[in-house]
Amino acid sequence: MAKTYAIAIDGPAGAGKSTMAKRLAKELGYYYVDTGAIYRTVAYFLDLLGVSPKDVDGVERYIDELTVGIEYDEEGKQHMLMNGMDVTDEIRTQDISQKASLVSAHAVVREVLLDMQRDVAKAHNVIMDGRDIGTVVLPKADVKIFLTASAEVRAKRRTEELLAKGQKAVYDVVLKEIQQRDYQDTHREIAPLKMARDSVKLDTSDMDIEGVIAAMKKIIGEKIPL
Ligand code: DC
């Protein structure tokens, strides 16, 4: 099999991972893999069944009944399939963000999803974003970037994004939720959010999108022929 390249982008919620990764994937002709969407699909499925994301027995009982699918449309947009049903838009709520964070802490959930993420990277050049891509999913990724920003900046960006989508959002509430998610994602036992030793940290608090893209391209260009 031909060599495939992998770029791992990790960082906390709202750091701009998906915005940057989508842009770069388009420019480089790579697949963009949003791994958060996979955990969101699991959370959405359990939510529909009325299973609490904290209920480990319930999660273990029902996880086998879910088949998560990832498909790409002709524009390269990632679609999430829950037992064949497209739930790409349904999983993008603040409620599901919180539930995905809780559900992703269970060992059984992470195990089930690990191979599926690795398989995509085996078959394609990928830019994959998440929390544990550089540390656990693709420890041998060619490039690892840790994208971060202050909680306040991330909350501001996330509030604007939600409002632009027509959803209700209040800055103070979004900030609290982001801080709670940061805590959960960094303190869980299995595959917590942390920077890989060989990752390059980029704090985007005072940067605009173009600045971040340029900085990321520089980091990537040092490791991969662009
Ligand atoms: O990136 P996101 O906000 O869509 O992710 C939702 C939640 O999923 C996040 O709070 C933690 C979990 N997640 C994870 O545990 N590991 C990943 N690689 C990606 C997301």
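Quick caveat: nothing in here was measured; it's all calculated off a predicted structure. Counting starts at 1 for both ligands and their atoms, following the listed order.
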*Asks:* What's the shortest distance from atom 2 (P) of ligand 1 to any protein heavy atom, and which residue and atom give it?
*Replies:*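 Its nearest protein heavy-atom neighbour is R131 NH2, 3.6 Å.
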*Asks:* How about R158 and S97: does a side-chain donor come under 3.5 Å of a side-chain acceptor?
*Replies:*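 There is no such pair between these side chains.
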*Asks:* Answer yes or no: is there a side-chain heavy-atom contact under 4.5 Å between I9 and I133?
*Replies:*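 No, side chains not in contact.
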*Asks:* Compute whether any side-chain donor of one residue and acceptor of the other, for D95 and T93, lie under 3.5 angstrom apart.
*Replies:*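 Result is no, nothing qualifies.
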*Asks:* Give me the atom names and distance for the closest heavy-atom approach of A151 to Q179.
*Replies:*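 It is CB-CG, 4.3 Å.
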*Asks:* Can you report which non-hydrogen protein atom sits closest to atom 19 (C) of ligand 1, along with the distance?
*Replies:*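 It is T35 OG1, 3.4 Å.
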*Asks:* Does the side chain of Y171 reach to within under 4.5 Å of the side chain of K156, using non-hydrogen atoms?
*Replies:*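 A side-chain contact under 4.5 Å exists here.
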*Asks:* Looking only at distances, can you tell me whether any N or O atom of R158, backbone or side chain, sits closer than 3.5 Å to an N or O atom of ligand 1?
*Replies:*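 No, no N or O pair falls under 3.5 Å.
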*Asks:* For Q180 and Q184, does a side-chain donor sit closer than 3.5 Å to a side-chain acceptor?
*Replies:*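 Present: a donor and an acceptor within the cut-off.
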*Asks:* Parallel under 30°, tilted from 30 to 60°, perpendicular over 60°: which one fits the rings of Y72 and Y31?
*Replies:*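 Plane angle over 60°, so perpendicular.
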*Asks:* Around atom 12 (C) of ligand 1, find the nearest protein heavy atom and jot down its residue, atom name and distance.
*Replies:*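 Looking only at protein heavy atoms, the one closest to atom 12 (C) of ligand 1 is S104 OG, 3.5 Å.
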*Asks:* Which heavy atom of the protein is the closest neighbour of atom 16 (N) of ligand 1, given with residue, atom name and distance?
*Replies:*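 Here the closest protein heavy atom is R110 NH2, 3.0 Å.
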*Asks:* Where does Q117 meet ligand 1, judged by heavy-atom distances below 4.0 Å: at the side chain, the backbone, both, or neither?
*Replies:*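 Neither part.
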*Asks:* Determine, using heavy atoms of R188 and all atoms of ligand 1, whether some pair is separated by less than 4.0 Å.
*Replies:*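 The answer is yes: ligand 1 sits under 4.0 Å from a heavy atom of R188.
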*Asks:* Has ligand 1 got any nitrogen or oxygen that is less than 3.5 angstrom from a nitrogen or oxygen of Y39?
*Replies:*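 No - when backbone and side-chain N and O of Y39 are compared with those of ligand 1, no distance drops under 3.5 Å.
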*Asks:* Indicate yes or no: does K223 engage D142 in a salt bridge with an N to O separation below 4.0 Å.
*Replies:*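 No.
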*Asks:* Does K17, backbone or side chain, put an N or O under 3.5 Å from an N or O of ligand 1?
*Replies:*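 K17 vs ligand 1: no N/O contact under 3.5 Å.
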*Asks:* With heavy atoms only and a cut-off of under 4.0 Å, state how Q184 meets ligand 1: side chain, backbone, both or neither.
*Replies:*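 None of Q184 does.
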*Asks:* Give the residue and atom name of whichever protein heavy atom lies nearest to atom 4 (O) of ligand 1, and the separation in Å to one decimal.
*Replies:*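 In this structure, atom 4 (O) of ligand 1 has R40 NE, 2.6 Å as its nearest protein heavy atom.
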*Asks:* Tell me the nearest of S18, P12, G36 to atom 20 (C) of ligand 1, using heavy-atom distances.
*Replies:*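 Among S18, P12, G36, the closest heavy atom to atom 20 (C) of ligand 1 comes from G36.
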*Asks:* Taking the side chain as every heavy atom from C-beta outward, state whether I220 and I145 have any pair of such atoms under 4.5 Å apart.
*Replies:*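 SC-SC contact between I220 and I145 confirmed.
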*Asks:* Polar contacts were defined as any N/O atom of the residue lying under 3.5 Å from an N/O atom of the ligand; does this apply to S97 and ligand 1?
*Replies:*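 Between S97 and ligand 1 (N or O atoms, distance only) the closest approach is not under 3.5 Å.
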*Asks:* With a 4.0 Å heavy-atom cut-off (strictly under), which part of R181 contacts ligand 1: side chain, backbone, both or neither?
*Replies:*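 Answer for R181: side chain.
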*Asks:* G130 heavy atoms, cut-off 4.0 Å: which ligand 1 atoms fall inside?
*Replies:*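 Counting from 1, the qualifying ligand atoms are 17 (C), 18 (N), 19 (C).
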*Asks:* Does S101 approach ligand 1 within less than 4.0 angstrom via side chain, backbone, both or neither, non-hydrogen atoms only?
*Replies:*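 Both backbone and side chain.
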*Asks:* Could you work out, with salt bridge (charged side-chain N to carboxylate O under 4.0 Å, His left out) as the rule, every residue matching K201, not counting sequence neighbours?
*Replies:*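 Listed in chain order: nothing, the list is empty.
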